[in-house]
Amino acid sequence: MENTKIILDNATETNVNGIFYVFNSKYYFIYTMRELDENDYVRLYVVQVCKEVQNTPTGPIDTGYMLGMEINDSEEWARVQESITKIVEDKKNNTTNSDIQYLPISMLVNLKIIGKNKFKLMKSIVQDNFKIEIKSSEEAKIISSYLTPTQPSGSISSSVTNDSTLPLENLTTIHTTGNIPSTTNNGDVIIDYRSRFFEEQEKNRELEEQLKSLNQKLEQIKNIIG
């Protein structure tokens with residue numbers, strides 16, 4: 001995961017570790033602030049990334065901001081969880097799944113989070129596969145007490161006003177009127193890859209049983225034929 005700055009839904013700017021990627025022709029951003037829950041799972045968030053266009057009396061204006069949106073559709077959310085599984089497997093095996101297109105984090109600029117989906121991963125998975133050091137809850141509290149979030153200046157970087165510097169042709173456009181209500185998905189999804197391992201192990205066992213049965217039938221046929 002790479003380090004980048006985002007604007008949280010309380011209008012403060014903060015550093016996060018994240019992955020920007022395309023899946024099913026949509027743009028998503030996974031990020032973490034290295035928080036641990038009471039069971040030592042790491043809290044992570046995922047948003048669909050869209051382009052903000054503000055409606056004005058003189059017509060729509062590109063604000064130069066990106067929006068991080070909550071994924072409300074249950075079927076899409078299930079597919080996004082599938083993409084998270086693929087990403088973790090890529091990181092574990094040092095591979096690149098053909099369904100995932102990883103994008104440079106530098107393409108993600110002026111991202112305002114207005115809604116997000118939450119999920120959790122085991123601490124060991126995040127540390128070992130994403131190469132992020134996760135502090136204990138007490139250590140994190142001490143560190144955060146020395147960090148003062150900064151308010152965004154309100155100015156828009158000139159590097160994002162020109163579409164040629166931001167090649168995101170398929171980025172969904174969101175038309176706004178200036179005020180956007182903040183929404184969050186309160187249900188945390190625990191994505192536990194130990195259960196996935198046992199599921200795959202059970203599938204392999206079933207396939208071995210089927211193969212054994214087919215071989216036995218083949219031997220019976222051979223014996224009948226003589």
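The first residue in the sequence is number 1, and the count goes up from there. Hydrogens, waters and symmetry mates are skipped; everything else that's a heavy atom, side chains included, is used.
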Exercise for review: Provide the closest heavy-atom pair for Glu133 versus Arg34 in the form atom of the first, atom of the second, distance.
Suggested key: O-NH1, 3.3 Å
Check your understanding: Which of these passes side-chain contact (heavy atoms from CB on, under 4.5 Å) with Met69: Val47, Asn117, Ile114?
Key -> Ile114
Exercise for review: Name the orientation class of the two ring planes belonging to Phe29 and Phe20 (parallel below 30°, tilted from 30 to 60°, perpendicular beyond 60°).
Suggested key: perpendicular
**Study point:** Charged tip of Lys118 within 45° of Tyr41 ring normal and under 6.0 Å
**Key:** no
Review point. Does a side-chain heavy-atom distance below 4.5 Å link Phe130 with Asn17?
Key: no
Practice item. Determine the minimum heavy-atom distance between Met1 and Ile19, stating which atoms define it. Key: CG-CG1, 3.7 Å
Point to revise | Backbone N/O of Arg43 and side chain of Thr32: donor-acceptor pair under 3.5 Å | key: yes
Review point. Are Leu44 and Val46 close enough that some pair of their side-chain heavy atoms sits under 4.5 Å apart?
Key: no
Check your understanding: Who are the salt bridge (charged side-chain N to carboxylate O under 4.0 Å, His left out) partners of Glu2, not counting sequence neighbours?
Key -> none
Practice item. Using a cut-off of 6.0 Å, state whether more than 12 heavy atoms not belonging to Gln216 lie near its atom CD. Key: yes
Review point. Between Gln48 and Lys26, what is the shortest heavy-atom contact and its length?
Key: NE2-CD, 3.9 Å
Exercise for review: Classify the side-chain pair Gln54/Tyr65 by whether it contains a donor and acceptor separated by less than 3.5 Å.
Suggested key: no
Review point. Can you tell me if Ser83 and Tyr28 form a side-chain donor-acceptor pair at under 3.5 Å?
Key: no
Study note, to complete from the structure: One should read off an interatomic distance between Glu52 CD and Leu111 CG, to the nearest 0.5 angstrom, of 11.0 Å
Review point. Roughly how far, to the nearest 0.5 Å, is CG of Asp37 from CG of Asn39?
Key: 5.0 Å
Review point. Which atoms form the tightest heavy-atom contact between Tyr45 and Met33, and what is the distance?
Key: CE1-CE, 4.0 Å
**Study point:** NZ-SG distance between Lys112 and Cys50, expressed to the nearest 0.5 angstrom
**Key:** 12.5 Å
Check your understanding: Rounded to the nearest 0.5 Å, what separation is found between the CG atom of Asn110 and the CD atom of Glu13?
Key -> 8.0 Å
Point to revise | Asn97 side chain vs Asp99 backbone, donor-acceptor pair below 3.5 Å | key: yes
Check your understanding: Does the side chain to side chain contact (heavy atoms under 4.5 Å, CB included) test come out yes or no for Val22 and Tyr27, once each step is laid out?
Key -> CA-CA 5 Å; Val22 179; Tyr27 293 76; 3.5 Å; yes
Check your understanding: Are Leu36 and Val42 close enough, and set up right, to give a side chain to side chain contact (heavy atoms under 4.5 Å, CB included), and what steps lead you there?
Key -> CA-CA 5 Å; Leu36 285 174; Val42 181; 3.7 Å; yes
Practice item. Quick one: pull up CD in Glu82 and CZ in Arg79 and give me the separation to the nearest 0.5 Å. Key: 9.0 Å
Point to revise | Under the salt bridge (charged side-chain N to carboxylate O under 4.0 Å, His left out) test, residues paired with Asp128 that sit two or more places apart | key: none
Review point. Does atom CG of Asn94 have more than 12 heavy-atom neighbours from other groups under 6.0 Å away?
Key: no
Revision key, fill the gap. Heavy-atom nearest pair, Ile84 first then Ile30, reads CG1-CD1, 3.9 Å
Check your understanding: Is a side-chain donor or acceptor of Ser213 paired with a backbone partner of Gln210 at a separation under 3.5 angstrom?
Key -> no
Exercise for review: Output the distance between atom OG1 (Thr14) and atom CD1 (Ile7), rounded to the nearest 0.5 Å.
Suggested key: 11.5 Å
Exercise for review: Apply side chain to side chain contact (heavy atoms under 4.5 Å, CB included) to Ile87 and Phe23, showing your working.
Suggested key: CA-CA 11 Å; Ile87 289 170; Phe23 180 70; over 6 Å; no
Check your understanding: Heavy-atom distance under 4.5 Å between the side chains of Thr85 and Gln81, does that happen here?
Key -> no
Review point. Between Asn72 and Glu70, what is the shortest heavy-atom contact and its length?
Key: OD1-CD, 3.2 Å
